[in-house]
Amino acid sequence: MDPILKQIKPGAPLPPAFYRLTALEAAPRLLGQTLVRRTEEGDIRCRIVETESYGGIEDKGSHAYGGRRTARTDIMFGPGGTAYIYLIYGMYNCLNVVTGTEGDPQAVLIRAVEPLSSADEAAMRRYRGTAARKPADLSGGPGKLCRALDITKALNGLTLDQPGGPLWIEGGSMSERFGADEVIVQAPRIGIAYAEEYAAKPWRFYFRGNPYVSVIDKQAEVWPGDAGVADI
DNA sequence: GTAACGATTATCT
DNA sequence: GATAATCGTTACG
């Protein structure tokens with residue numbers, strides 16, 4: 001059993017130590033956890049099913065590459081446990097979970113979620129506006145899930161490690177996280193062709209076969225899991 | 001000041 | 001598969 005996952009309790013906020021992990025350690029372990037969005041009309045709960053790691057100043061795919069600490073990226077350099085939300089292509093917001101320690105920019109992009117109940121799905125459909133014909137249309141993609149959950153830059157910098165705010169993360173149930181046919185796979189990240197040797201790093205993680213995943217990679221390999229991971 | 005572009009998506013062929 | 005949409009951020013001067 002993964003020593004980090006062992007400390008995650010279903011329905012409870014993720015332990016503070018989780019947010020001190022590197023993005024590469026945290027990204028596969030955020031799969032199956034519950035993202036909760038509190039709106040004026042009620043809570044929307046969904047399960048994280050696809051993530052990407054953006055870690056460190058050496059990662060040419062990261063906004064913080066080379067140590068770029070600007071007004072936009074500043075939140076990535078702070079301690080883990082906050083939301084880094086940015087606007088992409090002038091149209092879509094993207095949600096990241098900041099991890100790591102002060103001064104070390106680490107972030108996990110949330111690329112796909114699935115609603116936990118039909119009520120959650122209905123609420124997400126309302127925010128999306130368009131008729132989602134298949135699951136991935138609803139919340140399979142970083143921009144789509146932010147639309148479906150009404151996540152905008154107004155929530156940038158928000159704390160994610162304690163419940164009660166507009167957005168937080170709770171442990172998912174172990175049965176949900178490790179269903180009989182549920183396997184975590186890893187593949188190269190999406191949309192970072194410019195990142196040279198970092199473009200091919202297999203730092204995208206998702207549940208194989210999950211219909212909400214944004215892009216299926218036929219060459220994806222099974223994530224090896226907890227080998228070599230220390231207790232937190 | 002200003003130009004180039006992006007961790008994307010919807011729509012059209 | 002190709003391409004338009006649309007604007008904040010970034011780098012450069």
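Here is how names work: the chains are called A, B, and so on, in the same order as the sequence lines, proteins then strands, and each is numbered from 1.
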Q: Give a yes or no answer on whether the side chain of A:Arg189 reaches the backbone of A:Ser53 with a donor-acceptor pair at less than 3.5 Å.
A: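 Present.
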
Q: Charged N to carboxylate O below 4.0 Å: is that the case for A:Glu170 and A:Arg45?
A: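 Looking at A:Glu170 and A:Arg45, the cut-off is met.
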
Q: Rounded to whole angstrom units, what separation is found between the CD1 atom of A:Ile75 and the C1' atom of C:dT9?
A: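 To the nearest whole Å, that distance equals 17 Å.
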
Q: Looking only at side-chain N and O atoms, does A:Thr70 come under 4.0 Å of OP1 or OP2 in C:dT10?
A: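 Yes, such a contact exists.
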
Q: Would the distance check show the side chain of A:Gln186 and the main-chain N or O of A:Trp223 forming a donor-acceptor pair, the cut-off being under 3.5 Å?
A: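 No, because the side chain of A:Gln186 does not come within donor-acceptor range (under 3.5 Å) of the backbone of A:Trp223.
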
Q: If only atom types and distance count, is the side chain of A:Thr73 paired as donor or acceptor with the main-chain N or O of A:Thr70 below 3.5 Å?
A: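 Between the backbone of A:Thr70 and the side chain of A:Thr73 there is a qualifying donor-acceptor contact (under 3.5 Å).
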
Q: Give the table of side-chain donor-acceptor pairs shorter than 3.5 Å for residues 106-118 of chain A, with sequence neighbours excluded, one pair per line with atom names and distance.
A:
residue	atom	partner	partner atom	Å
A:Gln106	OE1	A:Ala23	N	2.8
A:Gln106	NE2	A:Asp104	OD1	3.2
A:Gln106	NE2	A:Asp104	OD2	3.3
A:Arg111	NE	A:Glu50	OE2	2.9
A:Arg111	NH2	A:Ser214	OG	3.1
A:Glu114	OE2	A:Arg47	NH1	2.7
A:Ser117	OG	A:Ala119	N	3.3
A:Ser117	OG	A:Asp120	N	3.0
A:Ser117	OG	A:Asp120	OD2	2.8

Q: Could you run down nucleotides 2-13 of chain B 5' to 3' and tag each one B, S or - for protein heavy-atom contact under 4.0 Å?
A: ----BBBBS---

Q: Requiring both pairing distances under 3.5 angstrom, list the stems that contain DNA chain B and are made of three or more consecutive Watson-Crick or G-U pairs.
A: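 Expected stems, ordered by start: B:1-6 with C:7-12, B:8-12 with C:1-5.
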
Q: If we ignore angles and hydrogens, is there a donor and acceptor under 3.5 Å between the side chains of A:Glu52 and A:Tyr54?
A: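 Distance-only check passes for A:Glu52 and A:Tyr54.
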
Q: When rounded to the nearest Å, what value does the distance between C1' atoms of C:dT3 and B:dC5 take?
A: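 The same atom, C1', in both gives a distance of 16 Å.
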
Q: Output yes when A:Glu25 and A:Arg29 qualify as a salt bridge under the 4.0 Å nitrogen-oxygen rule, no when they do not.
A: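 Salt bridge absent between A:Glu25 and A:Arg29.
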
Q: Salt bridge or not for A:Asp43 and A:Arg37, using N-O below 4.0 Å?
A: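 A salt bridge is absent here (no side-chain N lies under 4.0 Å from a carboxylate O).
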
Q: Please report the distance separating the P of C:dG1 from the corresponding atom of B:dA7, rounded so that it comes out in whole Å.
A: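 That atom pair is separated by 22 Å.
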
